[in-house]
Structure formats: structure tokens, C-alpha cells
Amino acid sequence: MQIISEHRFYKEKSKSAKQVCDKCSTIIWGLIQTWYTCTGCYYRCHSKCLNLITKSCVRSKVSHQSEYELTICPEAGLDSQDYRCAECRAPISLRGVPSEARQCDYTGQYYCSNCHWNDLAVVPARVIHNWDFEPRKVSRYNMRYLALMLGRPVLKLREINPLLFNYVEELVEIRKLRQDILLMKPYFITCKEAMEARLLLQLQDRQHFVENDDMYSLQDLLDVSSGRLGASLTDIHTMFAKHIKLDCERCQAKGFVCELCKEGDILFPFDSHTSVCQDCAAVFHRDCYYDNSTSCPRCMRMSLRKQAQEPEDATWQQ
């Protein structure tokens, strides 16, 4: 392994692969040439180009700056770059003399043809503001950055663009499924059978789904758009609910009886026809809860118990 500009280069063993060197932009002939790949950002180069590399590893930026540019193609103009490539500072112009200026749709900046190969990538700002998933031309460096950031849950949609939930119905469904899964999580972490079955590992590729309901990765949004996320999350939700309500007696025992009507089946906080008291987490039929004008019965009992306890505590202190 060789470390250069934070890249961690390993010598490739493949002889049949035909790649393009990211340094000199020429073909790497695996049969007759030695070449290296960075394990962090997959930067590839000839062995002869290895010591000429000046560009830092993209993964270091991901580690220190895990956030997106969320303004759509924020162009400032070539004059703001002094008519030079935003990355290597080579002279460029829109006339192609001495080198063609190519705009990156992600940063809005201009790059030379060595730094911008017309790679295509989905741009986060266009997804967040326009729900637009059409791939756009981006620079080589930003293509790698977007690829490494793809699965990172750094998008808080309710703060960046809350109106998106009014426009994209699928997002509302996903949010409800995620909220339900968070309500199911306490059942699993206290259930021996669920822990042995490792049910929560069904979401190991989207760990943030068992931690919160408001953070999304760009991959999540791509999968929402394609319909894959809704289908897979619905299946997982069904599996989780089946364990709690049908398969596990221990989890069933943690259900609730509606104290307002005292009728019906055992209720759970993730049931679609229930409401949950925000103070004590008791569960009621939704119709009963909204028709009831008095306080929550459980909260009232807890309040009375606390009031009865206070005189005893005062007597004990005396």
C-alpha cells in the first residue's frame, strides 16, 4: 500500500480490465501496465503517474464535510474563477482555447477537460427542490464525492423543503412506516425471541430508520422515486407487526386496552386506528380519544397517585 495525498493506493492484480487513468486520462492496459486503485475513492492511475498525483482523496472530504450543496447549480461565472479550472487552475474558456470550460451541475463551477469527463450523476439539490432525478454532468471529483455520499443520511427534508411532503405522496407513506417502526423498536429490544431472530437487522442497510424518522440519504430518495423503498419497507413493517401481535406472547402482553371504552382487541401504538397519549404513552381507539373531552384516564390515575404520595413523603421527612 502507498499513501499519497490521503489516497490509500493498492496495486491491482487484474490484467484483463481496461481502465482509464484519472491522472493522465489515457487507457490503462492491464496486460502490459502496472496500475493502482485508491481504496477510499477508487481513483485509478498508472504506476508511472502515482507520484504525480496532487488531488486529495475524496473520502477525506466525506469524512470531514458530510453535507451537500443544496443550491441548484450555483453558478458565479468564469470571471469569478479568473478563467481557470476550479480544480487544477489550468486556463479555460467557453471558446475552447486554450482548453474547453465544462460546467459541473453540482457546484456550478467550470473545469477543464482533464478534471471534467462529462460524467453523469443525480444532483441532490435538484431532487430536494424539484424532485428531479435526471442525471447531470458533473466533474470527476464531484462524481466521486456524490457516489461516496449516496448512502449517508444527511438530508433533513422537513427542514430543507417541508413542502415536498405535500407534493410526493410516497414520502408521506414512508414517513408513517418509519414512525411505526420506531414505535415497534422498544418491543424488540426487550424481547428475547426478537433479539435472537435479529429482526432489526432487516434494516441494517438503513440503520438510520431505527434511530429517527426525519433523516434521509440520497439513495433513500432514489428508492422512493423508483418504488423500491415503499415495497421493501411495507414488507418489513408487516413482518414486525406480525411478530408483535401474533407470534410473540411476550410482545402481545405489552399491548393496551382502550380505557375509554374498555372494548375491542388489544391495541398497539403503531395500529392505524389508535391514538397515543403524548404524556403517558397510553393507547386508545382514535375515535374514543377524540370523542373524550376529559383527561387521559391513565394520566389522571398517575396524578392522583402522586398527590397521595406527597403527604406520605412529607410525614416521613418530619
Engineer: Are Val20 and Thr26 side-chain neighbours, meaning at least one heavy-atom pair lies under 4.5 Å?
Structural biologist: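 The answer is no, as the side chains (C-beta and beyond) never meet within the 4.5 Å cut-off.
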
Engineer: Could you give me the CA-CA distance, side-chain angles and deciding distance for Tyr187 and His243, then say whether side chain to side chain contact (heavy atoms under 4.5 Å, CB included) is met?
Structural biologist: CA-CA 10 Å; Tyr187 289 85; His243 171 86; over 6 Å; no

Engineer: Charged N to carboxylate O under 4.0 angstrom, Asp220 versus Arg152?
Structural biologist: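 Here Asp220 does not pair with Arg152 in a salt bridge, since their nearest N and O are not under 4.0 Å apart.
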
Engineer: Can you establish whether the number of heavy atoms outside Glu169 located under 6.0 Å from its atom CD is more than 12?
Structural biologist: no

Engineer: Please list, chain by chain and in numerical order, all residues satisfying side-chain contact (heavy atoms from CB on, under 4.5 Å) with Gln103, sequence neighbours excluded.
Structural biologist: Cys73, Glu75, Tyr110

Engineer: What are the two closest heavy atoms between Lys262 and Val257, and how far apart are they?
Structural biologist: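 Smallest heavy-atom distance, with atoms named: CA-CG1, 4.3 Å.
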
Engineer: Within this structure, what is the SG-NZ distance for the pair Cys248 and Lys242, rounded to the nearest 0.5 Å?
Structural biologist: 11.5 Å

Engineer: Taking the side chain as every heavy atom from C-beta outward, state whether Cys49 and Trp35 have any atom pair closer than 4.5 Å.
Structural biologist: no

Engineer: Is there a side chain to side chain contact (heavy atoms under 4.5 Å, CB included) between Tyr141 and Cys115? Walk through the geometry before answering.
Structural biologist: CA-CA 7 Å; Tyr141 182 91; Cys115 298; over 6 Å; no

Engineer: Just so I know, are the side chains of Ile4 and Phe9 near enough to count as touching, which here means a heavy-atom distance under 4.5 Å?
Structural biologist: yes

Engineer: With side chain to side chain contact (heavy atoms under 4.5 Å, CB included) as the criterion, how do Ile72 and His129 come out once you've worked through the C-alpha distance, each side chain's angles and the decisive distance to 0.1 Å?
Structural biologist: CA-CA 8 Å; Ile72 296 177; His129 297 295; 4.1 Å; yes

Engineer: Can the ring centroids of Tyr36 and His46 be said to lie less than 6.0 angstrom from one another?
Structural biologist: no

Engineer: Looking only at heavy atoms, what is the nearest atom pair of Ser93 and Leu78, with distance?
Structural biologist: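 Answer, listing the atom of Ser93 first, then Leu78: CA-CD1, 4.2 Å.
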
Engineer: I'd like to know if Asp105 pairs up with Lys137 as an ion pair, taking the criterion as any Lys NZ or Arg NE/NH1/NH2 lying under 4.0 Å from an Asp or Glu carboxylate oxygen.
Structural biologist: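 A salt bridge is absent here (no side-chain N lies under 4.0 Å from a carboxylate O).
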
Engineer: Counting distance only, does the side-chain N/O of Thr274 pair as donor-acceptor with the main-chain N or O of Asp271 below 3.5 Å?
Structural biologist: yes

Engineer: If the threshold is 4.0 Å, N to carboxylate O, is there a salt bridge linking Arg298 and Glu259?
Structural biologist: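 No.
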
Engineer: Quick check: does any side chain N or O of His285 sit under 3.5 Å from a backbone N or O of Leu260, one acting as donor and the other as acceptor?
Structural biologist: no

Engineer: Report yes if some heavy atom in the side chain of Glu100 is under 4.5 Å from a heavy atom in the side chain of Cys112; otherwise report no.
Structural biologist: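 No, their side chains stay 4.5 Å or more apart.
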
Engineer: With a cut-off of 6.0 Å (strictly less than), are more than 12 heavy atoms of other residues, nucleotides or ligands near CZ of Arg136?
Structural biologist: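 Atom CZ in Arg136 is crowded, with more than 12 foreign heavy atoms closer than 6.0 Å.
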
Engineer: Can any side-chain N or O of Asp180 pair as donor or acceptor with the backbone N or O of Leu177 at less than 3.5 Å?
Structural biologist: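 No; judged by distance alone, with no hydrogens or angles, the pair does not exist.
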
Engineer: Run the numbers on Gln81 and Gln109 for side chain to side chain contact (heavy atoms under 4.5 Å, CB included), then give the verdict.
Structural biologist: CA-CA 8 Å; Gln81 299 177 204; Gln109 294 179 307; 3.3 Å; yes

Engineer: Once you measure the plane-to-plane angle for Trp131 and Phe133, does it fall in the parallel (<30°), tilted (30-60°) or perpendicular (>60°) bin?
Structural biologist: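 Ring orientation of Trp131 relative to Phe133: perpendicular.
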
Engineer: State the SG-NZ distance between Cys251 and Lys192, to the nearest 0.5 angstrom.
Structural biologist: 13.5 Å

Engineer: Check whether any side-chain heavy atom of Leu148 lies under 4.5 Å from a side-chain heavy atom of Cys41, and answer yes or no.
Structural biologist: yes

Engineer: Using the rule that Ile, Leu, Val, Met, Phe, Trp and Tyr join whenever any side-chain heavy atoms are under 4.5 Å apart, tell me whether Met302 and Val283 fall into a single cluster.
Structural biologist: no

Engineer: Is it the case that the side chain of Gln19 and the backbone of Arg44 share a donor-acceptor pair, with hydrogens and angles ignored and the cut-off at 3.5 Å?
Structural biologist: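 Such a contact is absent between Gln19 side chain and Arg44 backbone.
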
Engineer: Do Met215 and Leu171 share a hydrophobic cluster, counting only Ile, Leu, Val, Met, Phe, Trp and Tyr and linking them when any side-chain heavy atoms are less than 4.5 Å apart?
Structural biologist: no

Engineer: Quick check against the 3.5 Å criterion: does Ser232 have a side-chain atom that pairs as donor or acceptor with the backbone of Arg228?
Structural biologist: yes

Engineer: Specify the closest pair of heavy atoms between Cys24 and Cys21, including all atoms of both residues, with the distance to one decimal.
Structural biologist: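 Scanning both residues completely, I find the closest heavy atoms to be N-SG, 3.4 Å.
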
Engineer: Begin with the C-alpha distance, continue with both residues' side-chain angles, and end with the deciding distance and a verdict on side chain to side chain donor-acceptor pair (under 3.5 Å) for Ser56 and Glu6.
Structural biologist: CA-CA 6 Å; Ser56 61; Glu6 298 185 299; 4.7 Å; no

Engineer: Test of understanding: with ring-ring contact (aromatic ring centres under 6.0 Å, His included), list the residues that count as partners of Trp117, not counting sequence neighbours.
Structural biologist: none

Engineer: Test your reading of the model: is there a side-chain donor-acceptor pair from Ser139 to the backbone of Asn142, 3.5 Å cut-off?
Structural biologist: yes

Engineer: Check for a donor-acceptor pair, side chain of Lys185 on one end and backbone N or O of Val210 on the other, with a separation under 3.5 Å.
Structural biologist: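 Answer holds: yes.
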
Engineer: Taking C-beta and beyond as the side chain, do Phe268 and Lys254 meet within less than 4.5 Å on heavy atoms?
Structural biologist: no

Engineer: Is it the case that Lys156 places NZ or CZ above or below the six-membered ring of Tyr216, under 6.0 angstrom from the centre and within 45 degrees of the axis?
Structural biologist: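 The answer is no; the distance or angle limit is not met.
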
Engineer: Measure the spacing between CG of Asp223 and CG of Leu218 and express it to the nearest 0.5 Å.
Structural biologist: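 Those atoms lie 9.5 Å apart.
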
Engineer: Mind running salt bridge (charged side-chain N to carboxylate O under 4.0 Å, His left out) on Glu173 and Arg175 for me, showing each step along the way?
Structural biologist: CA-CA 5 Å; Glu173 297 171 5; Arg175 181 174 61 186; over 6 Å; no

Engineer: Test of understanding: clusters of I, L, V, M, F, W, Y form through side-chain heavy atoms closer than 4.5 Å, transitively. Do Leu120 and Val138 belong to the same one?
Structural biologist: no

Engineer: Aromatic ring centroids of Phe240 and Phe270 under 6.0 Å?
Structural biologist: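 Between Phe270 and Phe240, which both carry aromatic rings, the centre distance is not below 6.0 Å.
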
Engineer: Which pair of non-hydrogen atoms, one from Val224 and one from Glu170, has the smallest distance, and what is that distance?
Structural biologist: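 That closest heavy-atom pairing would be CG1-CB, 3.8 Å.
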
Engineer: To the nearest 0.5 Å, how far apart are OG in Ser217 and CZ in Arg206?
Structural biologist: 6.5 Å

Engineer: Should Leu50 and Cys45 count as side-chain neighbours, where that means a heavy-atom distance under 4.5 Å?
Structural biologist: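 Touching, per the 4.5 Å side-chain cut-off.
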
Engineer: If we ignore hydrogens and angles and just use 3.5 Å, is the side chain of Ser66 paired with the main-chain N or O of Ser63 as donor and acceptor?
Structural biologist: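 Such a contact is absent between Ser66 side chain and Ser63 backbone.
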
Engineer: Are Leu201 and Leu203 joined in one hydrophobic group, where the rule is that I, L, V, M, F, W and Y side chains link up if heavy atoms are under 4.5 Å apart?
Structural biologist: no

Engineer: Under the criterion salt bridge (charged side-chain N to carboxylate O under 4.0 Å, His left out), I'd like the reasoning laid out for Arg102 against Asp119: C-alpha separation, chi angles, the key distance, then a yes or no.
Structural biologist: CA-CA 11 Å; Arg102 297 179 178 178; Asp119 294 301; over 6 Å; no

Engineer: Do any N or O atoms from the side chain of Asp132 and from the backbone of Glu134 form a donor-acceptor pair under 3.5 angstrom?
Structural biologist: yes

Engineer: With distance as the sole test, does Tyr68 use its side chain to make a donor-acceptor pair with the main-chain N or O of Ala125 at under 3.5 Å?
Structural biologist: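 No, because the side chain of Tyr68 does not come within donor-acceptor range (under 3.5 Å) of the backbone of Ala125.
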
Engineer: To the nearest 0.5 angstrom, please state how far the CD1 atom of Ile92 sits from the SG atom of Cys85.
Structural biologist: 5.5 Å

Engineer: If I compare all heavy atoms of Ile174 with all of Gly230, which pair ends up nearest, and what's the gap?
Structural biologist: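 Scanning both residues, the minimum pair turns out to be CD1-CA, 3.6 Å.
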
Engineer: Measure the spacing between CD of Gln179 and CG of Asp213 and express it to the nearest 0.5 Å.
Structural biologist: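 Nearest 0.5 Å value for the CD-CG distance: 4.5 Å.
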
Engineer: Which heavy-atom pair separates Met195 from Ile189 by the least distance, and what is that distance?
Structural biologist: SD-CA, 3.9 Å

Engineer: Would you mind reporting whether Val122 and Leu222 have side-chain heavy atoms less than 4.5 Å apart?
Structural biologist: yes

Engineer: Please answer: with hydrophobic residues joined when any side-chain heavy atoms are less than 4.5 Å apart, are Leu182 and Phe165 in the same cluster?
Structural biologist: no

Engineer: Once salt bridge (charged side-chain N to carboxylate O under 4.0 Å, His left out) is applied, do any residues pair with Asp265, and if so which ones, sequence neighbours excluded?
Structural biologist: none

Engineer: With the threshold set at 4.0 Å, does a side-chain nitrogen-carboxylate oxygen contact exist between Glu211 and Arg178?
Structural biologist: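 So Glu211 does not pair with Arg178 through a salt bridge.
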
